[in-house]
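Note that ligands are numbered from 1 as they come in the structure, with each ligand's atoms numbered from 1 the same way. Quick caveat: nothing in here was measured; it's all calculated off a predicted structure.
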Amino acid sequence: MSGRSLPDEPHRRYDPLLEEWVLVSAGRTNRPWLGSREQTPKAGLPTYDPACYLCPGNTRASGQTNPDYPGTFVFTNDFAALRPQSPTQRAADGLLVTEGERGTSRVLCFSPRHDLVLASMPLTEVRGVIDVWASQTAELGGAYRWVQVFENRGQEMGASNPHPHGQIWAGSALPSLAAREEDSQRKHVTTHGSRLLLDYVAQETGGPRVVEEDDHWLLVVPFWAVWPYETLLIARQPAARLPDLDASRRDSLAAMLARLLGRYDHLFDRPFPFSMGWHQAPFQSDAERHWQLHAHFYPPLLGPNVRKFMVGYELLAESQRDITAEDAAERLRSASPVPSADARSS
Ligand SMILES: [Zn+2]
Ligand SMILES: [Zn+2]
């Protein structure tokens, strides 16, 4: 479906991954804005902050001291949301149901440098982060069903520390959103004999929602995007998980990430906040037959200093967006992909 054949009037779009709808009301961004505006974060962080619990050599709240790490550094979160020894029994009392959950949560420092972000790191170091994402996935997948690699960047997304870092949570259960994507991708292969997201890649390639593409990856504002500048990064060839990627696909991914984050930072000329994360096939299942590796990027900003809130209709009825996916993709294509020299975490 090209941009021109889409209606200008309010309409709903279907998300085949989550099997839900989003209301698209283009043109509402012209309305006067009287709400709060986000503060543009200050640039100019030090390369080392003695008060930062993620910087090399510093002591964390747990009393543990970080090693003088030269590249990436992984440790178990001192305030882990999941624990490996939790009991896993299920209990029900009428409508009140509980299920024990076993898991772990780790923190991954991308760089020893306090002032860098993924977008401003050299590509070889971004590639190093990808390798750690992959090796952590393989290791945790040996014990847990779901491995969630993610990053929250910026105060708007609740990142409590500007030091470049992400998280990896792994658990014994399939989380709710993962279960829905698992179900939709499984059904698609059964019905069509091909992977849902590879069919989507074929349909989107060369179209109005593409932001970046190369031989290995397609980056689009998905047709069913909810957040204004949401993007979806999909491996073009079959791959279920990050460890499946060979060296050339990982190198290509490093360049793709740098270009995307460069575009985000240039879109409003400010460090762009987002939550991003990988969706990889669940372990302990046959999901690698139908699951296609992809990453979601969910930035909260609608304008330079205006954020989108999921409130009212979104909480009570269904998601709604104010600019079309095609319009968002065009604005992202117009923004420079070159990482800004002063890209700084907020
Ligand atoms: Zn730091
Ligand atoms: Zn997904």
> Is it the case that over 12 heavy atoms from other parts of the model lie below 6.0 angstrom from the CD atom of E330?
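For E330, atom CD is not crowded (no more than 12 foreign heavy atoms under 6.0 Å).
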> Verify the neighbour count for atom CZ of R12: are there more than 12 heavy atoms of other residues, nucleotides or ligands below 6.0 Å?
yes
> Could you pull out the atom name of the N/O/S atom in H279 that is nearest the Zn ion (ligand 2)?
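Distance check against the Zn ion (ligand 2) picks out ND1 in H279.
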> Does W133 form a ring-ring contact (aromatic ring centres under 6.0 Å, His included) with F150? I'd like the steps, not just the answer.
CA-CA 9 Å; W133 282 341; F150 66 102; over 10 Å; no
> Given side chain to side chain contact (heavy atoms under 4.5 Å, CB included), test L108 with F73 step by step and report yes or no.
CA-CA 6 Å; L108 164 56; F73 168 53; over 6 Å; no
> Checking ring pair (Phe, Tyr, Trp, His ring centres under 6.0 Å) between W146 and each of W291, W169, F283, W278, which is the one that passes?
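Answer to the ring pair (Phe, Tyr, Trp, His ring centres under 6.0 Å) test with W146 among W291, W169, F283, W278: W291.
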> With R60 as the cation and Y53 as the aromatic partner, state whether NZ or CZ is under 6.0 Å from the six-membered ring centre and within 45° of the axis.
no
> No waters, cut-off 2.8 Å: how many protein N, O or S atoms are close to the Zn ion (ligand 1)?
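That number is 4, waters not included.
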> Does a donor on one side chain sit under 3.5 Å from an acceptor on the other, for H296 and Y298?
yes
> Work out the angle at the Zn ion (ligand 2) between OE2 of E181 and NE2 of H296, rounded to 10°.
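The angle at the Zn ion (ligand 2) comes to 100°, rounded to the nearest 10°.
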